[in-house]
Amino acid sequence: MEEADEMVTPGEVLGRATDLKAGKGAYAASHNNTIYASLTGFRRIQAPPPASHDKRPTVEVTGHKAHGPVPEPGSVVIARVTKVMARTASADIMCVGPKSVREKFTGIIRQQDVRATEIDKVDMHLSFRPGDIVRAVVLSLGDARAYYLSTAKNELGVVSAESSAGATMVPISWTEMQCPLTGQIELRKVAKVVN
């Protein structure tokens, strides 16, 4: 028995704790034995498993929009560079770990977070270009919905870049990528390939 019910919002009463168990998106208040919704979504009641000693059905609230993965400090992300300035580069986060995101998250790579050594000598325009695909780690939630990202490890940095001729460039060192068509070499903060 699975029964989908009406749309509820946080704080709405879902039922009594004597009749129901609180599942995901719901909580029971001990002072009045009432179960409330903790998020916006659909109220759903599920029958207890046959082997369960507790015969109360479970009430849960399932989100009205499915949330994909969300970046958090320590997450490894794949992002596309959108803008490069003197001290920062902006990027759209496309994946958190192996999962693609469903919402738009913006990341900022600051000059001091590009590499671990010679931080003061970092030139953002010689590290990234718009369109580059980078692997980075989330440092923190920055400001105005932008995450601070770091590429200051060997395995982090540019993983894919397109040359001016439109070809996918090949990494030839930690700081250089080469166009297979023209042979032209461009500078980047290259990520070490991890097998």
Side-chain angles (χ1 to χ4, degrees), residues 10 24-25 38-41 63-195:
K24 289 184 213 155
S38 61
L39 51 90
T40 300
H64 66 291
K65 72 175 182 189
H67 293 286
V70 174
E72 51 190 52
S75 303
V76 174
V77 298
I78 301 292
R80 178 182 279 116
V81 177
T82 53
K83 192 172 171 188
V84 180
M85 290 154 286
R87 301 178 69 92
T88 61
S90 300
D92 287 341
I93 296 172
M94 302 184 307
C95 296
V96 176
K99 297 182 177 170
S100 62
V101 295
R102 297 187 185 173
E103 298 171 55
K104 186 179 175 190
F105 297 108
T106 304
I108 292 174
I109 304 168
R110 298 171 296 185
Q111 186 178 12
Q112 67 263 33
D113 299 323
V114 172
R115 61 181 187 220
T117 57
E118 298 182 315
I119 295 168
D120 52 331
K121 294 183 182 168
V122 170
D123 183 331
M124 295 303 286
H125 294 282
L126 300 180
S127 302
F128 308 106
R129 299 256 175 101
D132 287 359
I133 306 297
V134 296
R135 182 187 301 119
V137 69
V138 177
L139 292 177
S140 66
L141 177 57
D143 50 5
R145 282 185 60 81
Y147 291 84
Y148 284 139
L149 306 178
S150 168
T151 56
K153 282 186 183 164
N154 289 347
E155 67 274 14
L156 304 175
V158 177
V159 290
S160 177
E162 207 174 85
S163 69
S164 46
T168 301
M169 294 199 292
V170 179
I172 53 172
S173 77
W174 298 106
T175 56
E176 297 173 319
M177 293 183 109
Q178 185 172 27
C179 173
L181 298 179
T182 63
Q184 182 182 349
I185 292 173
E186 293 183 15
L187 295 175
R188 293 290 197 283
K189 194 297 183 186
V190 181
K192 179 184 178 185
V193 178
V194 216
N195 295 333

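Note that these values count all heavy atoms, side chains included, but never hydrogens, waters or copies made by symmetry.
- By the 4.5 Å heavy-atom criterion applied to side chains, Glu176 and Leu187 are counted as neighbours.
- Listed here is the closest heavy atom pair of Glu186 and Ser164: OE2-N, 3.8 Å.
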In sequence, state the C-alpha distance, the side-chain angles, and the governing distance for Gln111 and Ser127, and then conclude on side chain to side chain contact (heavy atoms under 4.5 Å, CB included). CA-CA 10 Å; Gln111 186 178 12; Ser127 302; over 6 Å; no

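- Of the inter-residue distances, the one linking Ile108 atom CD1 with Arg87 atom CZ reads 13.0 Å to the nearest 0.5 angstrom.
- Distance alone, capped at 3.5 Å, places no donor-acceptor pair between the Arg135 side chain and the Val159 backbone.
- Closest heavy-atom contact between Val84 and Pro130: CG2-CD, 3.9 Å.
- Side chain of Gln178 to main chain of Gly183: a donor-acceptor pair is present (N/O by atom type, distance under 3.5 Å, no hydrogens or angles).
- Of the possible polar contacts, none joining the Ser150 side chain to the Val137 backbone as a donor-acceptor pair under 3.5 Å is found.
- Atom CG of residue Asp92 and atom CZ of residue Phe105 lie 11.5 Å apart, to the nearest 0.5 angstrom.
- Closest non-hydrogen pair, Arg115 versus Val122, comes out as NE-CG2, 3.7 Å.
- Shortest non-hydrogen contact noted between Met124 and Thr88 is CE-C, 3.5 Å.
- Taking both residues in full, the closest heavy atoms of Ala79 and Ile93 are given as CB-CA, 3.9 Å, listed atom of the first, atom of the second, then distance.
- If you take CD on Glu162 and CD1 on Ile133, they are separated by 9.5 Å, rounding to the nearest 0.5 Å.
- Looking at Ser163 and Met177, their side chains never come closer than 4.5 Å, going by heavy atoms from C-beta outward.
- Between Thr151 and Phe128 the shortest side-chain heavy-atom distance falls below 4.5 Å.
- Two residues are said to be in side-chain contact when any heavy atoms from C-beta on lie closer than 4.5 Å; Asp113 and Leu149 fail this criterion.
- Smallest separation of non-hydrogen atoms from His125 and Asp123: N-OD1, 2.9 Å.
- Side chains of Arg110 and Leu139 form a contact here, defined as non-hydrogen atoms less than 4.5 Å apart.
- Under the 4.5 Å side-chain criterion, counting only non-hydrogen atoms from C-beta, Thr168 is in contact with Ser160.
- Here OG1 of Thr175 is found 10.5 Å from NZ of Lys189. Values are rounded to the nearest 0.5 Å.
- A donor-acceptor pair under 3.5 Å is absent between the side-chain atoms of Lys192 and the main chain of Lys153, judged by distance alone.
- A salt bridge is defined here as a Lys NZ or Arg NE, NH1 or NH2 lying under 4.0 Å from an Asp or Glu carboxylate O, and Asp132 with Arg129 fails to meet this definition.
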